[in-house]
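Comments concern the structure below.
Quantities reported herein were computed from a predicted structural model and do not represent experimental measurements. Just so you know, ligand 1 is whichever comes first in the structure, and atom 1 is the first atom listed for that ligand.
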Amino acid sequence: MAGIYIHIPFCKQKCTYCDFHFSTTFHAYRKRMVDALCHELEIRKDYLGNQPIETIYFGGGTPSILLHEELTQLLTTVHTYFDTSLLSEVTMEANPDDITPENITFWKTSGINRLSVGLQSFKKSDLNWMNRAHTVEESYSCVAMAIQNGIENLTVDLIYGLPGLTNEEWIHHIETVIKMGVQHVSAYCLTVEEGTALDTFVEKGKIIPASENTQAEQFLLLVETLEKHGFLQYEISNFCRPGFESRHNSNYWKGIHYLGAGPSAHSYNGYSRSWNIRNNHTYMNAIEQQTSWFETEELTSTDIYNELLLTGLRTVYGVNLHQLEQIFPIDVRFHTQVDQLCEQGLMEKKSDSIRLTKSGRLQADRIASDLFRLHDEN
Ligand code: SF4
């Protein structure tokens with residue numbers, strides 16, 4: 001089983017904090033881009049070695065900007081060139097202002113069965129300085145509209161650690177989405193990425209980022225509040241009602257193979273990782289002229305081993321030791337480190353797996369890197 005990710009590099013406007021790849025001036029070439037995406041899917045149809053596709057994920061950018069005929073063209077291409085007989089999850093990222101009864105009806109009949117809504121905040125001043133394209137009213141109304149129109153698997157994105165966001169406001173945001181009836185929440189701490197408008201605001205002193213303490217407090221409030229309401233934290237930033245894990249993202253963390261189409265999209269097939277050009281025009285030209293549009297890195301056994309640790313320790317599933325041992329025998333040093341982490345209450349060990357405790361997950365990346373193999377150990 002494998003997955004397909006399709007990157008839609010269009011946005012209505014530029015959010016100040018965002019460093020994803022997208023363009024706001026896409027209207028003149030949107031058809032050409034969709035044709036290029038379809039062409040890439042066709043050209044790379046053998047990348048996944050005929051594995052059946054379990055999940056499709058439309059990310060971006062803003063996939064909900066796609067016209068109905070553009071979405072149909074993309075989905076038809078996937079169904080034409082890949083084995084979709086076992087397809088079980090098709091996710092579309094949507095911005096609140098694109099959620100209308102007409103769109104929802106069309107998305108559902110096209111096969112989209114999971115909607116990921118970028119709400120981010122219910123605070124007007126935050127939506128304004130972040131330059132989000134939607135209003136507070138749309139943040140409130142879009143989820144109800146999606147549910148009323150039959151979307152049964154709905155996830156929302158929220159951001160914490162925003163300048164001036166109090167803990168009380170943050171709890172209010174979380175409790176609001178719980179009351180709305182969503183099955184899944186992804187919550188991210190605001191980070192100041194180089195080259196973004198936010199970076200400039202911070203440099204000029206126009207925005208003062210939240211302190212690390214506030215960010216950590218809001219993360220703990222997030223975990224506590226969602227757990228109190230029956231949500232499972234199945235990955236550091238992802239929470240769901242039982243049975244509503246994102247299959248597509250869980251498969252990334254389990255090392256399942258995927259093909260990513262579109263500018264800036266990444267792909268992984270167990271041997272190598274590749275990443276597409278991050279420029280719309282260069283991407284379209286390269287696809288049309290059949291020149292190279294992606295770079296590839298062959299993965300060493302050490303890369304694969306370390307990546308299994310890094311991704312697995314971020315999740316509630318943990319790391320399967322048999323899977324790890326198929327790459328390298330687990331040595332005494334590893335066992336000693338694991339025992340120490342268990343004694344410190346940061347890790348739990350079962351016969352065939354290890355996973356971090358709640359407090360361990362706060363330091364997941366540091367713990368994983370301590371357990372990494374060094375490249376010269378190959
Ligand atoms: S809508 Fe999403 S992808 Fe587009 S600029 Fe805003 S955060 Fe970035």
**Prompt:** Does the side chain of Glu93 pick up a donor-acceptor pair with the side chain of Thr91 at under 3.5 Å?
**Reply:**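 No, Thr91 and Glu93 have no side-chain donor paired with an acceptor closer than 3.5 Å.
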**Donor + acceptor pair across side chains of Asn280, His21 (<3.5 Å)** = yes
**Item:** Structural part of Cys11 in contact with ligand 1, heavy atom criterion under 4.0 angstrom
**Value:** side chain
**Prompt:** Given that the side chain starts at C-beta and the backbone is N, CA, C, O, which of these parts of Gln13 lies under 4.0 Å from ligand 1, counting heavy atoms, or is it both or neither?
**Reply:** backbone
**Item:** Aromatic plane relationship, Phe122 with Tyr140 - under 30° parallel, 30 to 60° tilted, over 60° perpendicular
**Value:**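 Ring orientation of Tyr140 relative to Phe122: tilted.
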**Asked** Hey, is Gly61 one of the residues with a heavy atom under 4.0 angstrom from ligand 1?
**Response**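 Right, Gly61 reaches ligand 1.
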**Message:** Would Arg132 count as a contact residue for ligand 1, given that I'm defining contact as a non-hydrogen atom of the residue lying under 4.0 Å from a ligand atom?
**Reply:** yes
Of all the non-hydrogen atoms in the protein, which one sits nearest to [atom], and at what distance?
atom                    : answer
atom 5 (S) of ligand 1  : Cys15 N, 3.4 Å
atom 1 (S) of ligand 1  : Asn95 ND2, 3.4 Å
atom 8 (Fe) of ligand 1 : Cys18 SG, 2.3 Å

**Request:** For the pair Asp339 and Lys349, evaluate salt bridge (Lys or Arg N to Asp or Glu O under 4.0 Å) and give the outcome as yes or no after the intermediate values.
**Result:** CA-CA 8 Å; Asp339 289 342; Lys349 189 175 166 187; 3.5 Å; yes
**Residue pair Ile159 / Met130: nearest heavy atoms and the distance that separates them** =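 It is CD1-SD, 4.2 Å.
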**Complete:** Under 4.0 Å from one or more heavy atoms of Thr62, ligand 1 contributes atoms 1 (S), 4 (Fe)
**Request:** Please confirm whether Arg241 makes a cation-pi placement over Phe244, using NZ or CZ under 6.0 Å from the six-membered ring centre and within 45° of the ring normal.
**Result:** no
